[in-house]
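Just so you know, these numbers use all the heavy atoms, side chains as well, and skip hydrogens, waters and symmetry mates.
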Amino acid sequence: MKTEGFAGLETALADLLATFAAETVQKDFHRLVSELTLALADGHSCLPVTTWQEQIALASGCADESGCLPLTLFAHRLYLSRYFHYEKRLAANCRRLAAGHTPWRETSLCARLLPQDSGQRQAAEIALRRKLCLISGGPGTGKTSTVAKIIALLLETHGPALKIALCAPTGKAAMRLKESVMASLERLPLPPEIRQVIPRESHTLHRLLGARAHSPHFRHNSINPLPYDLVIVDEASMADLALMSKLTDALPEQARLILLGDQNQLASVESGAVFAEMLTGLPDNRAVLTTTYRFNPAIGVFANSIRQGNVKAAWTMAASPDYPEIRLEERASAEALWAERLPAYMEIVKNFPKEARIGEIFAAFRRLQTLCATRTGAWGVTGVNQRVERLLRRKGHAMGHDLWYSGRPVLLRRNDFSLGLYNGDLGICLPDDNSGGGFQVWFDGGGGFRRFPPWRLPEHDTAWAITIHQSQGSECAEVLLILPNKDHPVLSRELLYTGVTRARDTVRLMASQEIFRLALERPVARHSGLAAFFSNMCEGEAANARPIL
């Protein structure tokens, strides 16, 4: 049985379950399951249903409210039962953590580190008094510097035996967290006994939990919990429902959890908008940082207009000459911009290794980053990378026609723990003087530069342009933000906000007014039952929530 408008995976589960349904509801049930799988593919954890659809699901014999059948009905929502248990278990774990209080008294170190009446003090007091702390704030609002102070204060209170884990959903974000925390701690007036026990490693969430090859299960779970007293997760908005449920399952009874993120950025690629819903459902455990220290005020106002969906204000700023930090560009001017900026970078590359140092090359590349909304199309990542390479060849740069050439930037798309390389890491290809014409790809690891032969790298892309999704967790002096010529499902308010807030000094926007309007008027709203679980779940239900191992 096939349903018009659906294909592939959307019909596979529906075909299977419909064979068990009563013949009188088989066709309607097939369409209902297909709609559910499409919703899951779009990042929703469930499908809101009408009373009539609930009756169809119940009549099929494949759904009820128990969570024991393939499909589950809860609060007028239809779930695949696995996602129902993820949400129920996550809500139970969060409520348990949120209710946990620990004694703490203010010390002289706290007075030195935290100014009175500030968002940082509020965040620190929540983290020090409660087992769950949610810290939200836009780029440059001091989230990691705040958590560095919290680490120091907890070490002062609990001593050097406190076991702390720093982690993030991606390798790039984990590395940035470690670097930011270490840099912040170095600037703080800390006693030597605290400075000596500060954590100096970071992990991806998958590595922290003990990922198993070709398995959705982790080594650490409710039966075999993590060996930490404090777990700190940066870029928490990127963590999906399943991963966050498994993380909270794996926390030992005494552990604290601190989540850092920006609820206005893009949600996870997989299902759910967990961090945003936790902020809404657990207000007593929430602190919001609003003062921005990173980019100039004009970009902050522009980003805030986008966040609020104020099309008129945002477009006026982009089109006005009064805001040189925000520039509206014609498509024809993109190549002029690349022709102006990139040859200078290639000239520095050409002088490697005699005059140019690796750090200078990375700094030159990071002055401008092109971000695309889409991967495909003439103005998507693939098309733009081809345009840039053609332009550089026309400018006389010796690139040949091979895949590898001096100056080629690459962005990793997969982790390789054996090499210490992570999804989102940026590398630059440079000549290898020891190989007689070969190349090495250099990576900035924060503590120093490392190089690898191209053949050893995990899956990667050329990175003259990258997607806005790939840019999360990074920053650049100047950003060229390219939206497609016509409407595309990926366009959203959160996508624009994320792209704009990657820029520290200048945003160049390449978009028509109509496409810009469509994006701002399309906030991402993901269907979920977490709010219902937070408000409806009693302690008995929390205790009986089924862990997902």
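Within the model, atoms OH of Tyr83 and CG of Leu47 stand 14.0 Å from one another, a figure rounded to the nearest 0.5 Å. Taking OH from Tyr497 and CD1 from Ile468, the interatomic distance works out to 13.5 Å, rounded to the nearest 0.5 Å. Leu36 CG to Cys46 SG: the interatomic distance, rounded to the nearest 0.5 Å, is 8.5 Å.
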Going through the distances and angles, do Trp338 and Thr370 end up as a side-chain hydrogen bond (donor to acceptor under 3.5 Å, both in side chains)? CA-CA 9 Å; Trp338 296 324; Thr370 300; 3.2 Å; yes
I would like to know whether Arg390 and Glu335 meet salt bridge (charged side-chain N to carboxylate O under 4.0 Å, His left out); could you show each step before the answer? CA-CA 10 Å; Arg390 286 197 299 267; Glu335 291 206 5; 5.7 Å; no
Checking salt bridge (charged side-chain N to carboxylate O under 4.0 Å, His left out) for the pair Arg307/Asp262: CA distance, chi angles, key distance, verdict? CA-CA 11 Å; Arg307 181 181 62 81; Asp262 183 353; over 6 Å; no
Could you walk me through whether Thr467 and Thr374 pass the side-chain contact (heavy atoms from CB on, under 4.5 Å) test, one step at a time? CA-CA 6 Å; Thr467 65; Thr374 62; over 6 Å; no
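Aromatic pair Phe362/Phe449: centroids less than 6.0 angstrom apart. Taking the six-membered ring where the residue is Trp, the centroids of Trp379 and His488 are separated by 6.0 Å or more. Close placement of the Phe218 and His206 rings is indicated, their centers lying within 6.0 Å of each other.
For the residue pair Arg375 and Thr382, no side-chain donor N or O sits within less than 3.5 Å of a side-chain acceptor on the partner. Under the 3.5 Å distance criterion, with hydrogens and angles disregarded, no donor-acceptor pair is assigned to the side chains of Gln472 and Thr498. In this structure, a donor-acceptor pair under 3.5 Å is absent between the side chains of Tyr345 and Arg341. Residues Glu235 and Thr170 have side chains that never bring a donor and an acceptor to within less than 3.5 angstrom of each other. Side-chain contact of Gln263 with Ser237: a donor-acceptor pair under 3.5 Å is absent, judged by distance alone. Inspection of the Arg493 and Asn264 side chains reveals no N or O donor paired with an N or O acceptor under 3.5 Å.
Arg357 CZ: 12 or fewer foreign heavy atoms inside a 6.0 Å radius. Atom CD of Glu330 has 12 or fewer heavy atoms from other residues, nucleotides or ligands within 6.0 Å.
Between Arg256 and Asp229 there is no salt bridge, since no side-chain N of the basic residue sits under 4.0 Å from a carboxylate O of the acidic one. One finds no salt bridge joining Arg526 and Asp42 here, because no Lys/Arg side-chain nitrogen approaches an Asp/Glu carboxylate oxygen to under 4.0 Å. Between Glu478 and Arg367 there is no salt bridge, since no side-chain nitrogen of the basic residue lies less than 4.0 Å from a carboxylate oxygen of the acidic one. A salt bridge is defined here as a Lys NZ or Arg NE, NH1 or NH2 lying under 4.0 Å from an Asp or Glu carboxylate O, and Asp425 with Arg414 fails to meet this definition. Between Arg522 and Glu494, none of the side-chain N atoms (NZ, or NE/NH1/NH2) sits under 4.0 Å from a carboxylate O, so this pair counts as no salt bridge.
Using modelled atom types, one side-chain atom of Ser145 and one backbone atom of Gly142 make a donor-acceptor pair closer than 3.5 Å. Looking at Ser245, its side chain never comes within 3.5 Å of a backbone N or O of Leu241 through a donor-acceptor pair.
Between Trp315 and Phe516, the angle of the ring planes lies from 30° to 60°, which puts this pair in the tilted group.
Each of Leu243, Thr204, Asp249, Asn221 was checked for a side chain to side chain contact (heavy atoms under 4.5 Å, CB included) with Leu209, and the lone residue meeting it is Leu243.
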